[in-house]
Amino acid sequence: MTRPAPGLLAPAHLAVSGLSLSFGGLKALTDVSFEVRPGTITALIGPNGAGKTSLFNCISGFYRPREGHIRLDGQDITHTHPPARAKAGLARTFQNIALFKGMTVLDNIKLGRHAHMKTNLLQALAYWGVARREEMELRAEVERQIIDFLEIDHIRNKPVASLSYGLQKRVELARALAMRPRLLMLDEPVAGMNREETEDMARFILDVKEEWGISILMVEHDMGMVMDISDHVVVLNFGKVIAQGPPAQVQGDPQVAAAYLGSGNPAELMRRLSAIGEAA
Amino acid sequence: DEKELVIGGSIPLTGVFAFAGVAIEAGISDFVKITNEAGGVAGRKLRLAYEDTAYKVDQSVAVFNKLTTQNDIHLYYGDSTGFAKTINEELNRRGTILMAGASFGSELNNPEKYPFQFMAGPDYVEMIAILLEYIAKEQKGAKIVFVNSDTEFGRDPIEASVKRAKEMGLEVVGQIVTPPTAVDVSTEILKLRRANPDFTIFHGYVLAPLPEFLSQAKQLGLKSRFMGTFWSMDNSLWANVGAPADGYMGVMPYRYYYDTAPDAPILEKIRKLRPTYQATGYMQGFLTAMLMTEAAKRTLDAGKDLTAKNLKASLNTIKDFDTGGIIGVPISIPGNSVPVGRIYSYNAADKQMKPASDWISLKK
Amino acid sequence: MTAKPILEISNIEVVYNRTVQVLRGLSLRVQEGQVVALLGSNGAGKSTTLKAVSNLLQLEDGAVTAGTIAFDGAPLAALTPHGLVRRGLFHVMEGRRIFEDLTVEENLVAATYALTGRKAGPASFDAVYAYFPRLYERRSGRAGYLSGGEQQMLAIGRALVAEPKLILLDEPSLGLSPKLVEEIFTIIARINRERGVSMLLVEQNAAVALAVSHYGYIMETGKIVLDGPTERLMADEDVREFYLGMAGERGEKSYRDIKHYKRRKRWLS
Amino acid sequence: MDWLFFAEVTLAGLGSGALLALTALAFVLIYKATRVINLAVGEILMLGGYLFFAFSAGFGLPVWAAIPLAIAGGGVVGAMVERALIRPMLGEAPISVFMVTVGLGSVLMGAVELVWNTDPRALPDFMGATPVFIGEAYVSRKIAIGFAVAGVVIALFLLLFRFWRGGVALRATASDQAAAYSCGINVPGVFSLAWIVACATAAGAGILVGAIGGISPTMGVFGLSSLVVVIIGGLDSVLGALVGGLLIGLVEAWAGTFLGGEFKLVTTFSLLIAALMIRPYGLFGTVEIERL
Amino acid sequence: MRIATAKETYIADEGLLTTRTQRAWMIVLALVLVLAPFVLNAYWLYLACLVAINVASATGLNILTGYTGLVSLGQAAFMAVGAYAVAFLDGHLGTPFLLNIFAAGFVAAAVGVLVGVPSLRVKGLYLAIATIAASFILHFVFTSWVSVTGGMSGVNVAPARLFGIELASPFALYFVVVPITALMVLAAANLFRTRIGRAFIAIRDRDISAEVLGIPLLQYKLMSFALSSFYAGVAGGMWAYFFRVVTPESFPFATSIFFLAAVIVGGLGTILGPILGAAFMTLVPELLKYVVEWLGPVFPNAGAALSPVRTIVFGALIIFFLMFEPQGLAEIVRRIRRFFHLWPFKT
Ligand SMILES: Nc1ncnc2c1ncn2[C@@H]1O[C@H](COP(=O)(O)OP(=O)(O)OP(=O)(O)O)[C@@H](O)[C@H]1O
Ligand SMILES: Nc1ncnc2c1ncn2[C@@H]1O[C@H](COP(=O)(O)OP(=O)(O)OP(=O)(O)O)[C@@H](O)[C@H]1O
Ligand SMILES: [Mg+2]
Ligand SMILES: [Mg+2]
């Protein structure tokens, strides 16, 4: 595998402090603070409706927080426009797949690079000079570094709409990687995947961290994977951070177990469920 | 083999002006038939080659191009002011076609700018001038309101007519403009009531919204009399309106289908050909064909080529010409129009437009 | 338990857009009162199977080209999708598919159409709110603003309102927190055990799915490749490795240890 | 300022606004159930006018029979159109379906021209002529009747959607057809119903509009004005149709009176753009949920 | 049957015409276009020019509506802006033909940007109606700004002149109009090979996620409006030289519907779509006239009686094509191509 040019993708440091967000009366986030250290995988977990996706949206600029700051490598980006953040190295995938249905896989991936390209309208209409060169470079890079890496060469010219769910998630990851990310945000990357596909995805995520040297922030409900691959875990509940630390420590936290994890034990669950059967 | 004389036609058989187009087509066709039965024109058979334009300028142009490539055309019927203006350059360039049409646009009544076109009646300004003369005779210093639709057609004569009315000592107490698509005119009625004129002159409408104007005005007891121009003067349209239509007046350059005046043998013929009422568009088409054919006949009789210049010159030689009674007085065409007309008034009991004045010829 | 099947699928084939064949001679049955799990990898055709049962395929330009499906002893090919629902077959679709523009309560009202011709009195949502108190709190808010998990609750809540005999559940645990997964599956089990509702359950979370069900099917590329009572499936080595994430006798394996080239499924045809 | 005149103009505006609102209802009903803007509403309105003309003037039926027959005729056309053209387009892009309704408009217009030719016609008078006076203010009788009818019909629909679960079925169908099916909602039934009721409403509006301004194959443009109403009120809101209709009626009346008829359209359309900048989904339209 | 063509380089893979057959067809087409004026009569040349003008405008609308997803019913008004711009420049400043055409594009683009401003907040069909509003407001400007537009009676345009040759006949204009249109179509095709084209499509498919992925929405939506109206403006400019008179009624609202119909019937979001659609929509009414003519002997007076039938058939054809092929004519062409590509195997 080819590594990206060194220096280009210095892993980013994200610091969120005192973030609050509300929708009408609903407080989606309250005074949320945490950090993503360069080159680590930070997992964001919490019950449904805790505000994880909303937090992602604040970081990528789709929601405007009421209070608080978001800093990328020390620079305050709380009020920058979403496209500028993308250019600064924030890339993400979406909980409900947001691929562009009218484009092929290849075009979806190429789109990720948009903010880093320079072709202007006139050059584009003429497809001459910069436009042509830039497109060719992009194509070569995408092929070498992303399509090969994620093993999606067989589908590159297919329209994304015809792909199965698992592959679509993989294309989303590919598009995010094409954005030259320094911080990659993944919203439920393995939801709806079976064990085998989850393993594939986990391997990609680890590779991205280790070989590309990218910081990763990830929302995920698959505790097996979260606990195995993350370096740091932040737990949200009702919009507040209720715990954070290394995976093992968080897993042991009784508050987290009560709000989020449940029994965490299929055998125990099975016993409970058969008890229901007998009672009836 | 046998030489023909072809009248080309861009005629709106569909679209907003279709009601007129259908009648026009019938009128021209009948004229062609009658002429051919009488042996044609200077030994040539007359033929109408036409197509529908939906009253759209680009379609009219397309039809023009198509017909002129397929036929040897020297006479042409065009359907709108827009078309007349658009095609004018082309007519000048070709110099082989004399054109007239459904437009009485006052702009076209300009032999310098439109040397190869004419209209078989007064232009819109002249029509209103005829109305004004009638009014001035009826009631000195009468108060007038102009009501027009906000279209090229509707706006055409208003400015000039307001000026003329003032010159004639009439008082213009209001000008009302309605959007092109208006059906409901209740606010305009209110304005009219404020102005309280003796005469209201409509222009730029065919039928709607005039009946509503008339009936509401009656309800309100307005004293105004209502008048309109050629395209709103069709008898059958008003026949459906019923009582409110009674007393509606307007300027009409031709006789109506049912006119049994002794000096109108052509109408007799038409009634034989078509036993039911034919609309005013029919007369317009018929007379237009007659005049352009006359121009061609005079050109051919003089042994000249059928160039636009010769055709137009021949047309302008028409003097005290008998139209077979379609127009009640002999006509002359010194320029681009035939500034003659007569005031008719609708009689609801008989369901007929009845003459309310003598033929009025405008003096230049 | 009597062995009367409430749903019987025999040898069906399904084709999309008249070109893409997705199911190839698939058969399965659900006994009355049982929960049956249907497992399989992405794109195997699980959702397609459920849509074939609920007659919703035609909406996506798909068609059953061979085989039969019988619900409650009667072939269902002739029934309209809504007619089927009114007879007691309810499909909780993949991706939740709640009505975003409607409020939570209106979503439940919409589900009362399933009772047409079966129940006279006004429907009550108390049972739903008892199972999912969170929905009660948000009952007059627009459903589109609910979080993913809340929407899933609503989707299952609609099924409850419909009082069906058979529920087809398509990935109910998708995007739910571990705790909620347990809760929802507990509720699924309760609905089954307390009300005797049969279920056909499609799930990626094999552990919980097998925990609540009596019988299981495993499908790959449009065919059933393995089936049996849950106990037997859970003992199968491949099921343990590929669906439950257990490595041999040692128990669960870690995601950190995954090799780049791994053993692929044996039954893959 | 002449207050009586102002009051009269205002009343006239409200009256014509009510007719716009009634026609707008036809857009709203179809949009609510199918997310389709039916650009043929204007032509169906025209057809309603012609059907009434045919039944009353043609067959000589009394007005009380001709009106329901014309309305029912509109409904029948709606049912046929829905079955033949709209249902097969289920699931296609809304813009394609929109274009189909444009084609439909052309077909209906051609059909009317074929049967009744292109002459503009006046409908037999069935509303009487005595003007109505509210206080001292004059109101045209036809406009007053139109106002009353439109008011009653819209109020009925408002009540219906308030207290009948059918409204939920309608919106559920629009939101997600597959999910609506899976809730036991008769989706094709809802579609048919929406089209039948909407087209019947449009046909009824056509009788009123035709009674005021006469009928002609081009009277379909009235549909365009009420489309503006729907956009200002919100595409899926009955209340929006009412408020939007009255608002546009008023603005047109005031603009036409105090600025001049040539300003009517610009004023309305400028208002439309301004309104959309402030409320992009109209006054009462459902805001589309945008989440990532 | 052709065996799949393996491509050696990315350049080849990203070309507009990727197979030899495609290139061959393109050469044939170019030859046909060059030779056509020497074969066709004035009527067909007139139609060819009209088709070319409409293709240019429809291609522009397709950039906005088909690729960027912003439905516009204002295309006719933008064309009118271009036409008036030409009329003004030609009449008042006497600037040369090509410059005027270009300037018409720019003026229209500026107006387009203005009209596009609401597009950031207003979406979907609401936006479509807002563009209707804009076009009626423009119409008002055309009728009222008499000193520039000549008011209701409009302005005349002198024949175009290029290198001292007067371009008055369809034959002469053909050699200007068709190449300009061809260039514009080519430019549009190029656009969608680059980041800007991709950004447009992304906005169409899901604008909010596009923004998070680095695409400034307002800038690109306005750019799309500008480009689309530039195309309309150039088309309108050519129209002005073609008809040589511009009035407020030259571009009625129905023309906007015509263009939208052309793009949809042809196939939204494809380069071929607007070409086929504009040709289809322009020529069908003409062809229907021939049908009526043939029927003439069978039904006397067919012209008058059958013309409503034409209106019906026209509407019915739109309906039929959309029901039969909702993706438009371009999809049919694609299917035919695929058929020959794989022939004799079944797809
Ligand atoms: N645009 C919005 N308007 C109103 N409420 C919103 C909006 N977006 C999110 N919410 C609410 O904010 C809360 C947090 O939602 P969010 O989607 O962030 O949850 P989450 O933690 O991602 O949950 P899940 O794990 O289910 O995806 C929820 O209660 C949701 O209903
Ligand atoms: N509407 C459709 N048109 C064409 N192909 C389809 C359609 N829906 C599904 N498919 C194809 O059918 C196959 C089976 O799809 P299905 O959704 O049934 O899979 P699944 O087993 O439910 O997968 P997942 O676990 O990802 O939900 C896939 O290859 C998919 O691409
Ligand atoms: Mg979330
Ligand atoms: Mg599935």
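Each chain gets a letter, A, B and so on, in the order its sequence line appears, and its residues count up from 1.
Residue B:Q70 qualifies as enclosed at atom CD: its count of foreign heavy atoms under 6.0 Å is above 12. Counting non-hydrogen atoms of other residues, nucleotides and ligands closer than 6.0 Å to NZ of B:K66 gives a total above 12.
For B:Y76 and B:S10, the side-chain atoms include at least one donor-acceptor pair closer than 3.5 Å.
Contacts with chain E were tallied for B:E90, B:Q59, B:E51; B:E51 has the most, counting heavy-atom pairs under 4.5 Å. Highest contact tally toward chain E, considering only B:K85, B:R93, B:K56, B:E107, is held by B:K85 [criterion: heavy-atom pairs under 4.5 Å]. Note: B:T151 leads B:T81, B:V63, B:T151, B:V57 in heavy-atom pairs under 4.5 Å with chain E.
If you measure heavy-atom distances from B:E89 to chain E, the contacts under 4.5 Å come from both the backbone and the side chain. Of the atoms belonging to B:E152, heavy atoms from both backbone and side chain fall under 4.5 Å from chain E. With a 4.5 angstrom heavy-atom cutoff, B:T86 touches chain E via backbone and side-chain atoms both. For B:N88, no part lies near chain E; criterion is any non-hydrogen pair under 4.5 Å. The contact between B:D58 and chain E is made by backbone and side chain atoms together, counting heavy-atom distances below 4.5 Å. For E:T143, the parts lying near chain B are the backbone and the side chain together; criterion is any non-hydrogen pair under 4.5 Å. There is no contact between B:T68 and chain E, counting heavy-atom distances below 4.5 Å. Only the side chain of E:Y46 comes within contact range of chain B, judged by heavy atoms closer than 4.5 Å.
Counting only residues at least two apart or on different chains, the side-chain hydrogen bond (donor to acceptor under 3.5 Å, both in side chains) pairs with a member in residues 233-249 of chain E are E:D90-E:Y241, E:N100-E:Y241, E:T247-E:S250.
At distances below 3.5 Å, at least one donor-acceptor pair connects side-chain atoms of B:Y277 with backbone N or O atoms of B:N235. With hydrogens and angles disregarded, no donor-acceptor distance shorter than 3.5 Å links the side chain of E:Y231 to the backbone of E:L61. At distances below 3.5 Å, not a single donor-acceptor pair connects side-chain atoms of E:S57 with backbone N or O atoms of E:N54.
Taking 4.0 Å as the cut-off between side-chain N and carboxylate O, B:E159 and B:K163 do not count as a salt-bridged pair.
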